[in-house]
Amino acid sequence: QVQLVEPGGGLVQAGGSLRVSCEASRRTARTYAMGWFRQAPGKGREFVAVITWSGDSTDYGDSVKGRFTISRDNAKNTVSLQMNSLKPEDTAIYYCAAKSSWAPLLNLKNENEYDYWGQGTQVTVSS
């Protein structure tokens, strides 16, 4: 069992930056991949980014490519999402997720692949 907690989040102006983190209750090195998803009001959950346990493979949603960077620190059991050049449309609840076993990177864009989820953290970008 892995419990995920996402401290951080908050309010930022458009064009600004924010970093959200995900803390796991046990060694994240035992998880194959860690991902971030987001859900805006009235919309479905959207894939944001994923990173494999070694950190050598990452993927991003089209809407955040070039602006967001995912990273992980297995020694600290954390995964972080650095968000730059934020836009009002980035406003959403951001969720951290963990995948226990191997899956093709492409599949990890699908929320149904993940075994554990955090409670979410609100990110609001004002215009």
Side-chain angles (χ1 to χ4, degrees):
Q1 186 77 11
V2 178
Q3 291 182 326
L4 305 173
V5 178
E6 305 114 325
L11 174 65
V12 64
Q13 287 189 330
S17 297
L18 193 65
R19 186 180 183 90
V20 291
S21 295
C22 174
E23 300 174 359
S25 60
R26 65 173 177 86
R27 290 179 59 192
T28 56
R30 294 185 181 178
T31 63
Y32 173 68
M34 300 290 292
W36 284 97
F37 290 76
R38 67 186 183 186
Q39 188 165 18
K43 296 186 177 181
R45 196 169 291 186
E46 176 190 13
F47 168 73
V48 175
V50 62
I51 187 167
T52 55
W53 76 271
S54 63
D56 61 355
S57 293
T58 59
D59 200 2
Y60 296 89
D62 290 341
S63 62
V64 306
K65 279 181 182 176
R67 300 188 298 122
F68 290 13
T69 302
I70 189 171
S71 61
R72 70 188 295 169
D73 186 336
N74 289 337
K76 296 182 179 180
N77 297 340
T78 59
V79 175
S80 297
L81 185 69
Q82 177 66 41
M83 303 181 289
N84 298 328
S85 302
L86 283 161
K87 306 174 182 180
E89 51 264 43
D90 293 318
T91 295
I93 298 175
Y94 283 71
Y95 297 92
C96 172
K99 167 71 172 170
S100 298
S101 57
W102 182 89
L105 193 63
L106 183 62
N107 288 18
L108 296 174
K109 294 184 175 182
N110 186 336
E111 62 180 296
N112 295 321
E113 285 285 340
Y114 292 83
D115 304 299
Y116 306 102
W117 289 85
Q119 81 288 352
T121 186
Q122 177 70 47
V123 172
T124 302
V125 183
S126 62
S127 57

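Residue indices begin at 1 and follow the sequence shown.
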I need the D59 CG to L106 CG distance, nearest 0.5 Å. 7.5 Å
So which atom in A92 and which in Y94 form the shortest heavy-atom distance, rounded to 0.1 Å? O-CD1, 3.4 Å
So which heavy atom on P88 is nearest to which on A14, and how close? CD-CB, 4.0 Å
Before you tell me yes or no, could you show the steps for L4 and E23 under side-chain contact (heavy atoms from CB on, under 4.5 Å), namely the whole-Å CA-CA distance, both residues' side-chain angles and the distance that decides it to 0.1 Å? CA-CA 6 Å; L4 305 173; E23 300 174 359; over 6 Å; no
NZ/NE/NH1/NH2 to OD/OE distance under 4.0 Å, D90 and K87: no
Does one side chain, of E46 or S63, offer a donor that lies under 3.5 Å from an acceptor on the other? yes
Rounded distance [0.5 Å steps], CZ in F68 versus CZ in R38: 5.5 Å
Exercise: identify the closest heavy-atom pair between S85 and S17: N-OG, 4.4 Å
Got a second to check how far K109's NZ is from D62's CG, nearest 0.5 Å? 6.0 Å
Measure the shortest side-chain to side-chain distance between V50 and M34 over non-hydrogen atoms and say whether it is less than 4.5 angstrom. no
Show the nearest heavy-atom pair for residues T52 and D56, with the distance to one decimal. OG1-OD1, 3.3 Å
In terms of side-chain heavy atoms, does T124 have a donor or acceptor partner in T91 at a distance below 3.5 Å? no
Counting only heavy atoms not in K43 (residues, nucleotides, ligands), do more than 12 fall under 6.0 Å from its NZ? no
Which atom of A33 lies closest to which atom of L108, heavy atoms considered: CB-CD1, 3.7 Å
Taking the side chain as every heavy atom from C-beta outward, state whether C96 and W36 have any pair of such atoms under 4.5 Å apart. yes
Evaluate the side-chain contact (heavy atoms from CB on, under 4.5 Å) criterion for residues R67 and Y60: first the C-alpha distance (whole Å), next the side-chain angles of each, then the deciding distance (0.1 Å), finally the verdict. CA-CA 10 Å; R67 300 188 298 122; Y60 296 89; over 6 Å; no
Strictly distance-based, threshold 3.5 Å: is any side-chain N or O of N107 a donor or acceptor partner for the main-chain N or O of E113? no
Would you mind telling me which of L18, V125, V12, V64 makes a side chain to side chain contact (heavy atoms under 4.5 Å, CB included) with M83? L18
Aromatic ring pairing F37/Y114, orientation class (parallel under 30°, perpendicular over 60°, tilted between): perpendicular
Nearest heavy-atom pair of A49 and L81: which atoms, and what distance? CB-CD1, 4.1 Å
Is there a path of hydrophobic side-chain contacts, each under 4.5 Å between heavy atoms of I, L, V, M, F, W or Y residues, that connects L105 with Y32? yes
Please check if the side chain of E6 supplies one atom and the backbone of Q119 the other of a donor-acceptor pair under 3.5 Å. yes
Is atom CD of Q3 surrounded by more than 12 heavy atoms (other residues, nucleotides or ligands) closer than 6.0 Å? no
What is the distance from atom CD1 of I93 to atom OG1 of T121, rounded to the nearest 0.5 Å? 9.0 Å
